[in-house]
> 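My structure is below; once you've seen it, I'll send some questions.
Note that the numbering runs from 1 along the sequence shown for the chain. Heavy atoms only: backbone and side chains are in, while hydrogens, waters and symmetry mates are out. Only a predicted model underlies this, so the values are computations on that prediction, with no experimental measurement involved.
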Amino acid sequence: MSSHFGNILRQALKTFDRKNQSSLVNNLATLKQLTDQLSKRDILINEEELLKDSIYQIPGRAPCTYMHIFEDDTVSMSVFIMRGGYTMPLHDHPCMHGLLKVIHGKLRIQTYTQQSTPNSDSIKVNNTKFKEVDVVKEEPVVVTSDMGCSLLTPTERNYHEITAVGGVAAFFDILAPPYDADVPGIGPRSCTFYEAIESSSVDPSANSKTTDDNVSICGRESKPKLKLKRIPAPVSYYCDTTDPHETLIRTVFMYIKEAYSPT
């Protein structure tokens, strides 16, 4: 049985296996190319039950629906489906790589990159005495299902908020390592929420360029500088859950069995 989703799962496990750190860049490029081509058909999304705007007008319906697909100590995969106009609050992805692929609708993504200072390294992860984080604000992007995936790394665009534009939107998410996985030298990490509390002026004459992962990059010195303040999880952020299609589950089991079989 051949499956584009299965190929993505196989490549993700290969890419983020700690034994393959020396080939991370090349493997990540291959994973991104595969994920760029993913569609909602590969995930077998039930459009009548999950992607209609009218569904999210039902009283008591959460503004976001979460579909868990797979997770181990190396990588997690899931789908989020968001009501039109809803914003997933600003949050972090400590020590993670992430790939976000829109599979339905349109998203506006606002990302931030932590400023590199002697006191802003990974030692801050899960250390509650650090209540604020110095970041630069990246150019926001609007991404649709016919565009490639957006990429975050442990050092670039690692904080973001996501808004569904013009109706229901859905995205497929790869995170590596998952939240709470035990990262050597760091330990488990949790998701933290933030609000922007301060900014500084920018130089409008600075040159800019656009990267192939849909993020416009200016000279680092020209970007707005902000502080992100830790906040409790917003009450507006809550999700219904839904199960993947049984065929997708069988595909996951098949490829995981292959990945963990002794060679």
> Does the ring center of Tyr237 lie less than 6.0 Å from the ring center of Phe193?
yes
> Just by modelled atom types, is the Asn26 backbone N or O under 3.5 Å from a matching donor or acceptor in the Ser23 side chain?
no
> Say whether, by atom type as modelled, one donor and one acceptor occur between the side chain of Arg189 and the main chain of Pro178 under 3.5 angstrom.
yes
> Just by modelled atom types, is the Cys149 backbone N or O under 3.5 Å from a matching donor or acceptor in the Asp36 side chain?
yes
> I want to check something: taking the side chain as every heavy atom from C-beta on, are Leu9 and Ile256 in contact at a cut-off of under 4.5 Å?
yes
> Could you walk me through whether Lys223 and Lys137 pass the side-chain contact (heavy atoms from CB on, under 4.5 Å) test, one step at a time?
CA-CA 6 Å; Lys223 296 177 183 178; Lys137 184 178 182 180; 5.9 Å; no
> Starting from the C-alpha separation in whole Å, work towards a yes-or-no answer on side-chain contact (heavy atoms from CB on, under 4.5 Å) for Lys106 and Val142.
CA-CA 7 Å; Lys106 181 187 300 184; Val142 174; 3.3 Å; yes
> Looking at every non-hydrogen atom in both residues, tell me the closest pair between Gln110 and Pro140 and how far apart they are.
OE1-CB, 3.4 Å
> Do Thr15 and Leu24 have side-chain heavy atoms sitting under 4.5 Å apart?
yes
> What about Phe70 and Leu175, same hydrophobic cluster or not, with Ile/Leu/Val/Met/Phe/Trp/Tyr joined at side-chain heavy-atom distances under 4.5 Å?
no
> So, taking the atom named CZ in Arg10 and the one named CE in Met254, what distance separates them when rounded to the nearest 0.5 Å?
8.0 Å
> Which heavy atom of Leu51 sits nearest a heavy atom of Ile81, and at what distance?
CD2-CG2, 3.9 Å
> What's the shortest heavy-atom distance between Ala12 and Val75, and which atoms?
CB-CG2, 4.3 Å
> Keeping the roles fixed (side chain from Asp42, backbone from Ser39), state whether a donor-acceptor pair exists under 3.5 Å.
yes
> Compare every heavy atom of Tyr66 with every heavy atom of Ser78, then report the nearest pair and how far apart it is.
CB-CE1, 3.4 Å
> Between Tyr86 and Ile109, is there a shared hydrophobic cluster once you connect ILVMFWY residues whose side-chain heavy atoms come closer than 4.5 Å?
yes
> Hey, could you give me the OH/CG distance between Tyr159 and Leu152, rounded to the nearest 0.5 Å?
11.5 Å
> Going from NE2 on His97 to NZ on Lys32, what distance comes out if it is rounded to the nearest 0.5 angstrom?
13.0 Å
> Return the CD to CD1 distance between Gln11 and Ile8, rounded to the nearest 0.5 Å.
10.0 Å
> With side chains defined as the heavy atoms from C-beta onward, is the minimum distance between Met82 and Phe171 less than 4.5 Å?
yes
> Find out whether Ile162 and Phe80 are in side-chain contact, i.e. whether some heavy atom of one side chain is under 4.5 Å from a heavy atom of the other.
no
> Given the rule that I, L, V, M, F, W and Y join up when any side-chain heavy atoms are under 4.5 Å apart, are Phe16 and Phe172 in one cluster?
yes
> Between Asp134 and Lys225 (salt bridge meaning N to carboxylate O under 4.0 Å), is one present in this structure?
no
> I'd like to know if the side chain of Asp73 reaches the main chain of Ala181, judged simply by a donor and an acceptor atom lying under 3.5 Å from each other, with no hydrogens or angles considered.
no
> Under a 4.5 Å cut-off applied to non-hydrogen side-chain atoms, are Tyr112 and Tyr194 in contact?
no
> Minimum heavy-atom separation for Val183 and Arg18, please, with both atom names.
CA-NH2, 4.0 Å
> To the closest 0.5 Å, what do you measure between CG (Leu99) and CG (Leu31)?
5.0 Å
> I want to check something: taking the side chain as every heavy atom from C-beta on, are His104 and Ile45 in contact at a cut-off of under 4.5 Å?
no
> Going by the angle between their ring planes, with limits at 30° and 60°, are His160 and His91 parallel, tilted or perpendicular?
perpendicular
> Could you tell me if Thr65 and Tyr56 have a donor-acceptor pair between their side chains, going purely by distance under 3.5 Å?
yes
> To the nearest 0.5 Å, what is the distance between NZ on Lys52 and CG on Asn46?
10.0 Å
> Taking the side chain as every heavy atom from C-beta outward, state whether Thr113 and Glu138 have any atom pair closer than 4.5 Å.
yes
> Taking a hydrophobic cluster as the set of Ile, Leu, Val, Met, Phe, Trp and Tyr residues connected by side-chain heavy atoms closer than 4.5 Å, whether directly or through intermediates, do Leu100 and Met96 fall within one such cluster?
no
> Less than 4.5 Å apart, any side-chain heavy atom of Leu13 and any of Asp72?
yes
> Between Lys14 and Asn20, does the side-chain contact (heavy atoms from CB on, under 4.5 Å) criterion hold? Intermediate values first, please.
CA-CA 7 Å; Lys14 177 181 178 181; Asn20 297 330; 3.9 Å; yes
> Checking Lys101 side chain against Ser145 main chain: does a donor-acceptor pair fall under 3.5 Å?
yes
> Minimum heavy-atom separation for Asp180 and Pro188, please, with both atom names.
O-CB, 3.5 Å
> Under a 3.5 Å distance rule, please check whether His4 uses its side chain to pair with a backbone N or O of Leu34 as donor and acceptor.
yes
> State yes or no: do Tyr179 and Met77 share one hydrophobic cluster built from I, L, V, M, F, W and Y residues joined by side-chain heavy-atom distances below 4.5 Å, directly or via other members?
no
> Give me the one residue out of Thr241, Ile43, Asp243 that meets side-chain contact (heavy atoms from CB on, under 4.5 Å) with Met67.
Ile43
